[in-house]
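Because the structure is a prediction, the values reported are computed rather than measured. Within every chain, numbering begins at 1; the chains are lettered A, B, ... in the order of the sequence lines, protein sequences first and strands thereafter.
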Protein chains: 2
Amino acid sequence: MSQPRAARHDRVTVELSAAIVAASPAGPSVLTVRRRHEGPSGLPSGPLEAEHRTLEAGLRRRVEDQTGQQLGHVEQLYTFGDRDRAADPGGEAGCRALSIGYLALVREARPAGSAEGEWHGWYGHFPWEDRREGRPPLLDRLERRLLDWAEAAAGAAERRLRRERLAATFAVGGEGWIEDRVLERYELLYEAGMVPEARRDESDTPPDPGAEGLPMMADHRRILATAIGRLRGKIKYRPIVFELMPPAFTFLQLQQTVEGLAGIRLHKPNFRRLVEQQGLVEETGAMSPETGGRPARLLRFRPEVLLERPAPGLRLPRPRPPA
Amino acid sequence: MSQPRAARHDRVTVELSAAIVAASPAGPSVLTVRRRHEGPSGLPSGPLEAEHRTLEAGLRRRVEDQTGQQLGHVEQLYTFGDRDRAADPGGEAGCRALSIGYLALVREARPAGSAEGEWHGWYGHFPWEDRREGRPPLLDRLERRLLDWAEAAAGAAERRLRRERLAATFAVGGEGWIEDRVLERYELLYEAGMVPEARRDESDTPPDPGAEGLPMMADHRRILATAIGRLRGKIKYRPIVFELMPPAFTFLQLQQTVEGLAGIRLHKPNFRRLVEQQGLVEETGAMSPETGGRPARLLRFRPEVLLERPAPGLRLPRPRPPA
DNA sequence: CGCATAAATACTCATTTCGAGTATAAGGAG
DNA sequence: CTCCTTATACTCGAAATGAGTATTTATGCG
């Protein structure tokens, strides 16, 4: 594989985008920017520039300059390059558009710096992902449309495949919603034409606007879906939640933050036991400026856990299936 | 972040590379190609071309055409773009070189098709990653040099940081080798100047050639490290090993394949129990053309498990630390 | 044939982990 | 003082897990 060195200089544009996430006990949010008037919002993003040593450094600088947000943890998610889902629909034809998505975590949601940025609860974009109050009712409608889509498949094989994907992602007709499969669910909705981004013709009226979630420009909702999925997966084996917490916090704040990220409710005593016996936190000595009942101890992250445990994280208790 | 649309067309080259992995009970191997005579080998790779709809499709076609290998599972790993670790050192200055790494799994290692490809045991490139026969002796020498490097750090803070990284990756001075951290270990060796790729001046003689592993061209060993790490992590929650197994196999073959991938030995009865009660396999009915003792049942993967279990995989038994 | 050898396969056992539920403590508001 | 709210502490049983041992069923050799 070492031939036409010429083809190498096909024109390529590279866009770096970041899903910048903050979280409070009320729920996680993401920083969005609005570009054209009226168009859907998007993630902070910009073209790759030559001057930076690494991609991550470039992204970091760019976002920090533009939004006034200091980024904490930053990680690369995925490089998208589908020809027909270009990041920039205004790009020239025959020009490959790559889009490299990043996840960034920040401790506090600054009230949106100088730019036109604003913080948005992430479930506004993914209403079907929030099961904290139980299974959201809009899922019934989504499922019905998804099943129709599956049955409308061309051959029997394709039909079967679609049904299986539905079972594996939306848990249609089966047990077990798996919270990490955010991207898979979004992609299914995209393929089924059930999100505005998938419908080229903008005049198409969505059959059920409330259930589709707020769209974003270009492939930004796809990147956000990747980010949510990654974060949900990663809290289980890395103490990454603490990148989102203030320096000191209570058990309840921690639990509610995790619940917000994972989109599910957790069993309080067990969560507490888990966090304690994993050695993820230590007491600061101080007590919380209480919020209702008995004052709570203030905790902080215990970095030593990184050396003690192979995969220190918050395995989320999954209810046992009834035997 | 929406300004200079001009800067957008900085010249960028994009190289797609694939770590193509096959595995037998004897151990995993990777397909390498040799380009220049005498230079180190590399992964199959080539420039991104405009004609393909998706990046993955492009990679797939390209590799299949060139090596005669049908690829099974393919997944994107990471996009590297450090300016000073360019994939192609021959590239023009001021031209950003992106390198998108992929992991591909194949069922059988074809004896290297038409091209100059050859299959290589992957531990030839990462001798410190193979602990199937216990801790490899060369680790003593590596550790000593790594500790020297840590102590040679500029400030006390940097020294501490380096020591912590050593503890977290090579388990220096602590418990717990974590098999997934392949990339982190390689990067540490790179930073410490302990792999040939890191030494620009090729005339430098390595202090301990045997311990450094076979180098590869450009950033290909970095991609392979990412691939190994990803694979080791993923077998724990996805039934991905079966992409590497023949259609029918015995328990022992499966176990040895997993041991090869993870680089550790497993407890036979427990491995068996795990695989059984997870419902990962079913009997084919046939028996193996035996290999020594009592004939073994032949098994096959049981795809239904994908719908039944949230994260069907092979949690590798980690010995309990002595209380 | 009978026995050593090599695997495969089947159990046992003591912990540990984990889901679930209940009980008690310590504040504030009225 | 009482009630409400949240924090914190315990209990219990089921399932998972690490470690070890025993039995079966082949082969091959004397």
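- In the set D:dT21, C:dA8, D:dA9, D:dT21 carries the atom at the smallest distance from any side-chain atom of B:P269.
- Rounded to an integer number of Å, the gap from CZ of B:R297 to C1' of C:dA7 is 13 Å.
- Along DNA chain D, the nucleotide nearest A:R273 and the nucleotide nearest B:R273 are compared for position; the residue whose nucleotide lies closer to the 5' end is A:R273.
- Counting heavy-atom neighbours within 6.0 Å of A:R160 CZ, excluding the residue itself, gives a total of 12 or less.
- B:H267 has its NE2 atom 15 Å from the P atom of C:dA8, to the nearest Å.
- To the nearest 0.5 Å, atoms CD (A:E259) and CD (A:Q256) are separated by 6.5 Å.
- Atom CG of B:L274 is separated from atom P of D:dA19 by 14 Å (rounded to the nearest Å).
- Taking atom CZ of residue A:F271 and atom C1' of nucleotide C:dG21, one finds them 19 Å apart after rounding to whole Å.
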Can you list, pair by pair, the side-chain donor-acceptor contacts under 3.5 Å of residues 238-247 of chain A, counting residues two or more places apart and other chains?
none

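- Judged as a ring pair (Phe, Tyr, Trp, His ring centres under 6.0 Å), not a single pair has a partner in residues 280-299 of chain A (not counting sequence neighbours).
- Proximity of a side-chain donor or acceptor of B:T257 to a complementary backbone N or O of B:A23 within less than 3.5 Å is not detected.
- Rounding to whole angstrom units, NZ of residue A:K268 and P of D:dC10 are separated by 16 Å.
- A heavy atom closer than 4.0 Å to some atom of DNA chain D occurs in no member of residues 299-306 of chain B.
- Side-chain N or O atoms of A:R163 include none that pairs as donor or acceptor with a backbone N or O of A:A150 at under 3.5 Å.
- For the contact set between residues 275-284 of chain A and DNA chain D, defined by any heavy atom under 4.0 Å, there are no members.
- No donor-acceptor pair under 3.5 Å is formed between the side chain of B:R132 and the backbone N or O of B:G263.
- Crowding of A:R265 atom CZ: a count of heavy atoms from other residues, nucleotides or ligands under 6.0 Å exceeding 12.
- Summarising the geometry, the separation between CG on B:L254 and P on C:dA7 is reported as 17 Å, rounded to the nearest angstrom.
- The distance from the CG atom of B:L189 to the CZ atom of B:F126 is 9.5 Å, given to the nearest 0.5 Å.
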Show your reasoning for whether side chain to side chain contact (heavy atoms under 4.5 Å, CB included) applies to A:I228 and A:V21.
CA-CA 9 Å; A:I228 297 175; A:V21 172; over 6 Å; no
Every protein N/O within reach of nucleotides 25-27 of chain C N/O, cut-off under 3.5 Å:
residue, atom, partner, partner atom, Å
C:dA25, N3, A:R294, NH1, 3.0
C:dA26, O4', A:R294, NE, 3.3

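- Protein atom CD of A:Q253 is 11 Å distant from nucleotide atom P of D:dT8, rounded to whole Å.
- To the nearest 0.5 Å, atoms OG1 (B:T169) and CD (B:E164) are separated by 11.5 Å.
- B:L316 CG to B:R232 CZ: the interatomic distance, rounded to the nearest 0.5 Å, is 10.0 Å.
- Spacing between atom CD of A:Q256 and atom P of D:dT5 amounts to 15 Å, rounded to whole angstrom units.
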Protein-nucleotides 1-4 of chain D N/O pairs under 3.5 Å:
none

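- Considering NZ of B:K236 and OH of A:Y237, their distance stands at 10.0 Å, rounded to 0.5 Å.
- To the nearest 0.5 Å, atoms CG (B:L105) and CG (B:L71) are separated by 9.0 Å.
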